[in-house]
Number of protein chains: 2
Amino acid sequence: MQTTGWFFFTCIHSCRPTVSADNYYSHRFTRYIVVRNKPVHNHSGKARIKDIAERANVSPGTVDRVIHDRGEVSKKTREKVLRIIRELDFQPDVVASTLASKKSFRIAVLMPRADRSSRFWESPATGMDDALNEIGHFGVRMDHYWFDYFDRSEFVRQARQVLQNKPDGVIVAPVFSEEAGDFAGKTIQHSIPLVFINACIAQQPHLAFVGQDAQRSGMVAAKLMYFGLGDKPVLIVNFIHKKGNQAHILEREEGFRKQYISNNKKADTILHSLQIDTASQTLVNNILGETLKDRPDIQGIFVTNSRVHRVAAFLEKVNRQDIRLIGYDVTKENKVFLARDTIDFLIGQQPWEQGYKSVMALFNHLVLKKEPKKTQHLPIDIITRENIEDYHNNK
Amino acid sequence: MQTTGWFFFTCIHSCRPTVSADNYYSHRFTRYIVVRNKPVHNHSGKARIKDIAERANVSPGTVDRVIHDRGEVSKKTREKVLRIIRELDFQPDVVASTLASKKSFRIAVLMPRADRSSRFWESPATGMDDALNEIGHFGVRMDHYWFDYFDRSEFVRQARQVLQNKPDGVIVAPVFSEEAGDFAGKTIQHSIPLVFINACIAQQPHLAFVGQDAQRSGMVAAKLMYFGLGDKPVLIVNFIHKKGNQAHILEREEGFRKQYISNNKKADTILHSLQIDTASQTLVNNILGETLKDRPDIQGIFVTNSRVHRVAAFLEKVNRQDIRLIGYDVTKENKVFLARDTIDFLIGQQPWEQGYKSVMALFNHLVLKKEPKKTQHLPIDIITRENIEDYHNNK
DNA sequence: TGTATTTTCGTGGGCGCACACGAAAATTTT
DNA sequence: AAAATTTTCGTGTGCGCCCACGAAAATACA
């Protein structure tokens with residue numbers, strides 16, 4: 001890749017007109033003339049179907065049939081062609097191929113819509129759009145099937161729609177893990193490649209998973225908390241809707257606990273865990289208020305998802321900004337409290353990248369025929385008041 | 001983008017054979033027949049050169065000449081064609097265009113080689129390679145012009161080489177800002193688009209800058225330091241080679257100071273700054289040893305570049321791991337100390353992304369004819385022992 | 001051995017665009 | 001008004017691959 005530069009370029013342009021010695025074969029009867037001493041590759045340095053055909057003494061059509069496994073080729077020729085393909089390391093020209101086939105790929109995206117309760121899913125969607133913009137020329141199309149983050153039945157309905165429409169590839173956010181598992185199973189049956197975004201159902205076969213290592217993100221949070229607090233007691237808050245199924249949120253707590261305990265030299269570190277199943281600020285205030293009355297020694301709070309702004313609002317209300325607060329995701333609400341330093345750190349999931357990379361994974365598979373990395377863990381971003389602007393800048 | 005899905009796809013495939021009603025024009029004399037009521041777009045939904053030609057009553061060749069501003073078109077026809085192009089919102093098909101033109105673009109990359117003193121530049125190179133892999137089909141080539149990070153004259157020599165070879169686009173790491181400024185000026189003269197990577201010379205016109213906001217990264221470091229230390233004195237260490245010119249490294253210190261002071265409520269925060277111009281560990285030990293003897297109250301050290309591992313080694317030697325240590329970049333050496341918690345945080349620059357995005361910026365400009373974002377600030381990564389694995393995972 | 005099938009293959013016409021070539025129209029010169 | 005230029009334009013070929021069509025070769029059957 002380093003040495004193909006200037007000289008080579010000159011060569012391309014000056015030599016081209018004289019090199020194209022095509023049509024070595026002309027008729028079925030005369031068969032093909034094997035041209036010895038002819039360079040393996042044509043001027044562009046890459047073997048073409050025509051080159052293969054010449055070498056194999058067959059027509060381009062036959063080579064094409066072999067390449068696409070379209071049958072109608074005798075075993076013997078097939079093998080000869082395959083051998084030569086390997087010999088010349090033939091790689092079909094994606095550009096020409098796209099142009100000729102005019103085939104278009106449809107990617108179905110099954111993910112929560114961004115609503116007032118959380119705008120989180122806006123960013124992945126943007127990332128997907130941006131990716132599509134770069135590769136749309138290859139005939140890749142995208143269809144969105146949105147569902148409400150808390151509406152299990154809508155998920156199921158939309159999933160059914162997706163299957164009915166038989167897309168060429170699927171991206172799914174497995175918010176409801178059981179139903180998503182079913183869905184994943186079915187895509188496999190139809191041999192539709194599937195990419196998990198944001199969370200993963202490891203048991204189900206999939207083309208790729210793009211998202212964060214939940215447990216490790218919890219560990220990072222613990223690290224930050226410990227850095228600021230040392231061996232002081234910490235409260236963990238899970239906002240979990242009882243109908244939702246958020247395995248990866250629990251993993252975050254697990255990671256946090258593991259790390260925090262291992263950091264602490266003293267044995268009496270107190271980690272208190274709290275489940276809150278409500279969106280009402282008043283109720284949150286009550287619950288937290290009582291908890292803090294019970295344990296006035298609590299110096300830090302870790303919230304395992306983006307609803308950390310609820311806790312922040314509470315802390316400001318009771319004037320306890322001294323308590324260290326760490327949560328997830330750069331949302332509009334959280335940004336306000338981060339700016340005021342009530343929230344100390346947010347853990348970011350690089351949502352834009354998640355969208356971008358999921359599309360790219362499918363693109364690589366469908367168009368370029370290259371297998372993407374199966375697990376694409378995104379960096380765990382730590383967002384502070386100071387770096388938040390960059391975070392959104394180029395997304 | 002959302003609504004082109006299934007139905008449309010069906011349409012493409014079932015309608016295609018019957019739609020292609022070409023050759024509406026046949027001879028110069030008969031002129032072209034204006035077909036009324038014919039749909040604006042062809043079956044694929046996008047206008048082609050041929051469609052323009054029909055509408056304008058000219059031949060495809062003429063349209064082509066207009067599109068490429070190749071002259072030989074009367075003013076009147078030219079304007080008519082342009083009007084119709086706008087009307088139909090014609091966008092040339094990049095795929096077909098690439099295939100037909102067989103033009104190749106050469107990107108010249110002028111950046112430091114990764115050597116034993118720092119492997120940092122390995123990652124951007126990888127990112128570039130990976131990007132090239134995705135877009136190489138469009139005839140994009142890349143040539144590297146490496147220089148030694150400390151060798152100003154080699155930079156100049158290589159820069160001259162680049163200009164001599166007249167590439168179609170340039171990516172440069174402006175390590176020596178004066179010389180890089182000259183170079184940038186010259187690329188402009190030759191109207192070669194230029195992308196700054198890692199650091200930027202804002203005065204020079206450029207297509208894009210991909211890198212970090214240096215000052216803000218210093219602020220983040222300060223935030224972390226303050227989170228752990230509160231109002232305690234901190235030492236800032238700059239490893240600056242006197243011959244090098246690293247404006248952005250000084251910006252990091254500036255950002256750190258600004259933030260640290262604003263965080264502190266007390267006025268007596270001590271920030272002590274130290275310049276070290278040597279690679280020798282022994283000398284580093286001596287200098288740091290004396291400094292710490294002078295000011296035993298120092299509780300944290302901020303190192304403004306990747307040579308933080310020197311300080312870490314010292315701290316371990318004198319058994320002062322209690323001192324908080326923050327530096328830059330995930331290098332092999334730094335990783336060791338991060339794993340042992342001697343280094344508390346590393347600030348990452350997403351080097352892989354820097355490489356990837358610089359190439360993509362040029363690709364967008366050269367091939368897709370879309371202007372990339374001019375300033376692409378990457379997120380400021382905070383790397384801890386806990387999240388370091390992900391950081392390298394998919395790069 | 002001759003005919004009907006089935007298998008295996010070659011050919012040709014695109015895909016949308018770039019570009020060279022030469023011919024027609026417009027303009028200038030005699 | 002005819003000839004010589006210059007300007008403007010249409011046509012044809014090809015980029016590398018896909019795919020439909022039909023024809024030749026191989027096999028089966030009578």
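Proteins come first, then strands; the chains are lettered A, B, ... in the order of their sequence lines, and each starts at number 1. Please read all numbers here as calculations on a predicted model, not as lab measurements. Atoms considered below: every heavy atom in the structure, side chains included; atoms not considered: hydrogens, waters and symmetry mates.
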Undergrad: OP1 or OP2 of D:dC9 sitting under 4.0 Å from any side-chain N/O of B:Thr62?
TA: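 Negative; the distance criterion is not met.
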Undergrad: Classify the side-chain pair B:Lys369/B:Asn364 by whether it contains a donor and acceptor separated by less than 3.5 Å.
TA: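 No donor-acceptor contact under 3.5 Å links the two side chains.
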Undergrad: Categorize B:Leu99 for me: base, sugar-phosphate, or nothing, with a 4.0 angstrom heavy-atom threshold over every strand shown.
TA: base
Undergrad: At under 4.0 Å, does any side-chain N or O of B:Thr77 touch on OP1 or OP2 of D:dC9?
TA: yes
Undergrad: Between C:dC15, C:dT8, D:dC15, spot the one nearest the side chain of B:Lys102, thanks.
TA: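 Taking heavy atoms from C-beta onward, the closest nucleotide is D:dC15.
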Undergrad: Could you tell me whether the phosphate oxygens of D:dT8, OP1 or OP2, come under 4.0 Å of any side-chain nitrogen or oxygen in B:Ser74?
TA: no
Undergrad: Measure across A:Tyr145 and A:Gln158 and return the closest heavy-atom pair with its distance rounded to 0.1 Å.
TA: C-NE2, 3.8 Å
Undergrad: Of the candidate nucleotides C:dC19, C:dT8, D:dC18, which contains the atom at the shortest distance from the side chain of A:Glu72?
TA: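 The listed nucleotide nearest to A:Glu72's side chain is C:dT8.
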Undergrad: May I ask you to evaluate whether B:Ser101 reaches the phosphate of C:dA18, defined as a side-chain N or O under 4.0 Å from OP1 or OP2?
TA: no
Undergrad: Just by distance, with hydrogens left out, do A:Thr77 and A:Ser74 show a side-chain donor and acceptor under 3.5 Å apart?
TA: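 Short answer, yes.
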Undergrad: So which nucleotide from D:dG10, C:dG16, C:dC9 ends up closest to the side chain of B:Arg65?
TA: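 Comparing D:dG10, C:dG16, C:dC9 against the side chain of B:Arg65, the answer is D:dG10.
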Undergrad: If each of A:Arg78 and B:Arg70 is mapped to the nucleotide of DNA chain C with the nearest heavy atom, which maps nearer the 5' terminus, i.e. the 5' end?
TA: A:Arg78
Undergrad: Select base, sugar-phosphate, or nothing to describe what A:Asp93 touches, counting heavy atoms under 4.0 Å on all strands.
TA: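 Since only primed, P, OP1 and OP2 atoms lie under 4.0 Å of A:Asp93, the category is sugar-phosphate.
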Undergrad: Kindly point out which of C:dC15, D:dG10, C:dA18 is positioned nearest to the side chain of B:Val58?
TA: D:dG10
Undergrad: Would you kindly compare B:Ala96 and B:Gly71 by the position of their nearest DNA chain D nucleotide and give the one closer to the 5′ end?
TA: B:Gly71
Undergrad: Ignoring backbone atoms, test whether B:Ser59 places a side-chain nitrogen or oxygen under 4.0 Å from the OP1 or OP2 oxygen of D:dT11.
TA: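 Checking D:dT11 against B:Ser59, no side-chain N or O comes under 4.0 Å of OP1 or OP2.
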